[in-house]
S.K.: 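Before I ask anything, here is the structure I am working with.
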Amino acid sequence: MLDLKVIRQNPEEIKTKLAKRNNTFAASIYEIVEIDKQKREIQQKADELKSRRNTLSKSVKSQEEAETIKLEVKAINEEINSLDALSTSLDQKLEDITLYIPNIPLDDIPVGKDETENKVIKHYPLTPLKVGAGKITAKSHWEIGEALGIIDFENSSRLSGTRFSTFIGQGAKLQRALIQFMLDEASANGYTEIAPPAIINGEILRGTGQLPKFAEDLYHLENTDQYLIPTAEVPLTGFYAAKPLNHDELPKRLCAYTPCFRSEAGAAGRDTRGLIRQHQFDKIELVHLCKPEESEAEHERLVSQAESILEKLELPYRRVLLCTGDMGFSAAKCYDLEVWFPSQGAYREISSCSNCTDFQARRLGLKFKRDAKSKPELLHTLNGSSLAVGRTWAAVVENYQFADKLGFRIPEALKKYLSFDEVV
RNA sequence: GGAGAGAUGGCUGAGUGGUCGAAAGCGGCACCCUGCUAAGGUGUUAUAUCCUUUAUGGGUAUCGAGGGUUCGAAUCCCUCUCUCUCCGCCA
């Protein structure tokens with residue numbers, strides 16, 4: 001959520017900056033400024049009346065005196081009630097509008113309408129390792145996995161519907177090794193490991209920006225205000241909202257392994273095969289909480305952490321700076337990491353690392369104190385995957401497949417977690 | 001799931017209709033005292049929002065959340081949420 005004060009003071013600037021995103025929010029901004037103005041006038045009137053009421057009430061010393069002011073205060077109260085009701089409804093309107101306005105892109109974000117205008121920042125290595133000497137002879141991970149009996153899609157859809165999968169035997173062990181490896185790497189780099197709940201209150205989802213706009217992407221538990229988490233970003237980011245953090249606790253760097261649940265509404269027909277787009281998948285998530293002036297550096301650090309996993313797994317990837325039109329709702333700046341899938345001859349997203357500035361913090365009430373005397377300030381939140389486990393599993397299978405036979409090699413970095421070094 | 005108790009400022013914990021944004025203690029901060037340390041003294045110490053000014057000042061709201069009674073609510077009533085204890089059930 002954006003700062004109402006900032007909108008009030010620089011509506012034109014905010015409008016211009018938001019216009020870089022796909023939609024225009026000019027009408028919303030205009031409406032906010034108008035409603036906000038009305039609201040403050042009403043609020044002021046109500047406050048004056050309340051002040052008058054308080055003064056009168058305090059002056060009462062005896063029952064007789066009370067009798068004389070009853071009428072006046074009652075009249076005042078009626079007026080206060082109607083003003084308050086009006087003020088509440090205007091607040092509600094303001095919230096209804098502001099909750100649908102995305103974060104403002106940082107100034108250095110390339111302006112563009114969709115993913116075609118994203119900017120590739122780097123390749124690792126410069127040329128992807130192409131199986132079969134540059135030709136797309138590589139098999140897909142589902143062909144390999146199903147042939148080896150280490151993953152199942154058919155039975156899984158009978159159990160749970162489409163877009164579910166089951167890992168079997170060495171496939172399951174590979175998945176577990178990846179999780180262990182990713183968590184160990186994060187811990188070794190100073191991250192605090194967190195194991196949060198997978199069910200979360202709607203309030204927190206509103207705080208992080210998944211609600212209200214993206215409700216259809218979530219699994220909602222019936223007759224409750226609870227949802228299955230679409231990412232560990234939600235519980236991790238929301239965790240420290242209860243009281244202001246001390247400056248010496250920052251930056252906080254958290255990592256968590258959780259399952260993630262997404263309804264993938266609107267994705268019908270896309271990536272219907274394989275592990276790319278599942279309703280349930282595992283992910284290791286990184287979340288940083290930091291002072292505003294640190295967030296850009298923390299962002300670079302976070303994305304480097306995610307990249308290091310790909311590099312240690314020796315998977316070809318590239319880093320992409322998302323353009324204004326392709327960025328997520330809460331992000332002010334976002335890098336995607338895309339891993340090479342030889343069977344598709346394409347890079348596919350495997351991590352998304354966002355700097356959300358104070359957008360989530362404002363709604364969640366995430367604050368810190370610079371020192372013992374200073375007032376609590378909003379902090380900045382960042383999040384990124386390190387990495388999406390299912391997609392990593394698929395990338396390993398595809399990139400490490402044997403050119404001349406069915407099967408694949410285990411990456412060097414994972415060998416200490418497994419009792420086998422190839423799957424055939 | 002059943003029964004009971006509770007929710008107050010950074011913490012502990014008073015406060016059952018007005019003088020309460022809230023006692024006291026602890027902690028924090030500032031200053032004083034002190035050769036140093038320890039101890040001691042004095043003061044200060046919530047958040048949000050609006051107005052005016054932007055150094056200060058003032059209004060309003062907030063004692064788990066929401067509603068109600070009242071001239072006036074931390075205090076009385078109702079609903080909800082959460083915590084604790086006991087019982088039941090259960091991985």
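Quick note: numbers below take in every heavy atom, side chains included, and nothing from hydrogens, waters or symmetry partners. Naming: A, B, ... by sequence-line order, numbering from 1 per chain.
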S.K.: For the ring pair A:Phe164 and A:Phe153, is the centre-to-centre distance below 6.0 Å?
M.R.: no
S.K.: Measure the distance from CD on A:Glu249 to P on B:G10 and round it to the nearest whole Å.
M.R.: 15 Å
S.K.: Does OP1 or OP2 of B:A48 have a side-chain N or O of A:Lys367 closer than 4.0 Å?
M.R.: yes
S.K.: To the nearest angstrom, how far is A:Lys74 atom NZ from B:G72 atom C1'?
M.R.: 13 Å
S.K.: Check the distance between B:A61's P and A:Lys39's NZ and give it to me in whole angstrom.
M.R.: 13 Å
S.K.: Checking contacts here: which listed nucleotide (B:G59, B:C11, B:C50) is nearest the side-chain heavy atoms of A:Asp47?
M.R.: B:G59
S.K.: Report yes or no: do A:Tyr257 and A:Glu193 form a side-chain donor-acceptor pair below 3.5 Å?
M.R.: no
S.K.: Given that both distances must come in under 3.5 Å, which nucleotide forms a Watson-Crick or G-U wobble pair with B:C20?
M.R.: none
S.K.: Heavy atoms under 4.0 Å, any strand shown: does A:Gln43 hit a base, just sugar-phosphate, or nothing?
M.R.: nothing
S.K.: What's the CG-P distance between A:Asp36 and B:C51, to the nearest Å?
M.R.: 9 Å
S.K.: Partner of B:C29 by Watson-Crick or G-U wobble geometry, both contacts under 3.5 Å, or none?
M.R.: B:G43
S.K.: Using atom NZ of A:Lys50 as one end and atom P of B:U70 as the other, report the distance to the nearest whole Å.
M.R.: 18 Å
S.K.: Mind checking the P distance from B:A24 to B:U45? Whole angstroms is fine.
M.R.: 13 Å
S.K.: Under 3.5 Å, is there a donor on one side chain and an acceptor on the other for A:Ser263 and A:Asp217?
M.R.: no
S.K.: Please confirm whether the shortest side-chain N or O distance from A:Lys375 to OP1 or OP2 of B:U47 is below 4.0 Å.
M.R.: yes
S.K.: Can you figure out which of B:C71, B:C50, B:C11 approaches the side chain of A:Lys243 most closely?
M.R.: B:C11
S.K.: Do A:Thr208 and A:Gln360 have a side chain donor and acceptor closer than 3.5 Å?
M.R.: no
S.K.: Under 4.0 Å between any heavy atoms, over every strand shown, what does A:Pro376 touch: base, sugar-phosphate, or nothing? Just pick one.
M.R.: sugar-phosphate
S.K.: Can you find a side chain N or O atom of A:Arg40 that sits less than 4.0 Å from OP1 or OP2 on B:U49?
M.R.: no
S.K.: Name the pairing partner of B:A14, where a pair is Watson-Crick or G-U wobble with both distances under 3.5 Å, or state none.
M.R.: none
S.K.: Could you tell me the separation between the NZ atom of A:Lys58 and the C1' atom of B:C71, rounded to a whole number of Å?
M.R.: 14 Å
S.K.: Round to the nearest Å and state the distance from A:Asn246 atom CG to B:G28 atom P.
M.R.: 12 Å
S.K.: Side-chain N or O of A:Asn54 less than 4.0 angstrom from OP1 or OP2 on B:C71?
M.R.: no
S.K.: Please measure how far the C1' atom in B:C76 lies from the corresponding atom in B:G18, and state the result in whole Å.
M.R.: 15 Å
S.K.: Looking at every strand, decide which applies to A:Asn77 at a 4.0 Å heavy-atom threshold: base, sugar-phosphate, or nothing.
M.R.: sugar-phosphate
S.K.: Considering Watson-Crick and G-U wobble pairs with both distances under 3.5 Å, what does B:U79 pair with?
M.R.: B:A65
S.K.: Using the P atom in both, what is the distance from B:U42 to B:G67, to the nearest Å?
M.R.: 44 Å
S.K.: Salt bridge check, A:Glu264 against A:Arg277: does any charged N sit closer than 4.0 Å to a carboxylate O?
M.R.: yes
S.K.: Is there a donor in the side chain of A:Tyr335 and an acceptor in the side chain of A:His299, or the other way round, less than 3.5 Å apart?
M.R.: no
S.K.: Can you confirm whether or not the ring centre of A:Tyr400 sits under 6.0 Å from the ring centre of A:His141?
M.R.: no
S.K.: Taking any strand in view, what nucleotide pairs with B:U34 in a Watson-Crick or G-U wobble way, both distances under 3.5 Å?
M.R.: none
S.K.: If you check the A:Ser57 side chain, which of B:C71, B:A61, B:C11 turns out closest?
M.R.: B:C71
S.K.: Students often get this wrong, so: under 4.0 angstrom with heavy atoms, is A:Lys5 touching a base, only sugar-phosphate, or nothing?
M.R.: sugar-phosphate
S.K.: Just the rounded figure in Å: distance from P of B:G27 to NZ of A:Lys369.
M.R.: 17 Å
S.K.: Describe the nucleic acid contact of A:Arg8 in one word from base, sugar-phosphate, nothing, applying a heavy-atom distance below 4.0 Å.
M.R.: sugar-phosphate
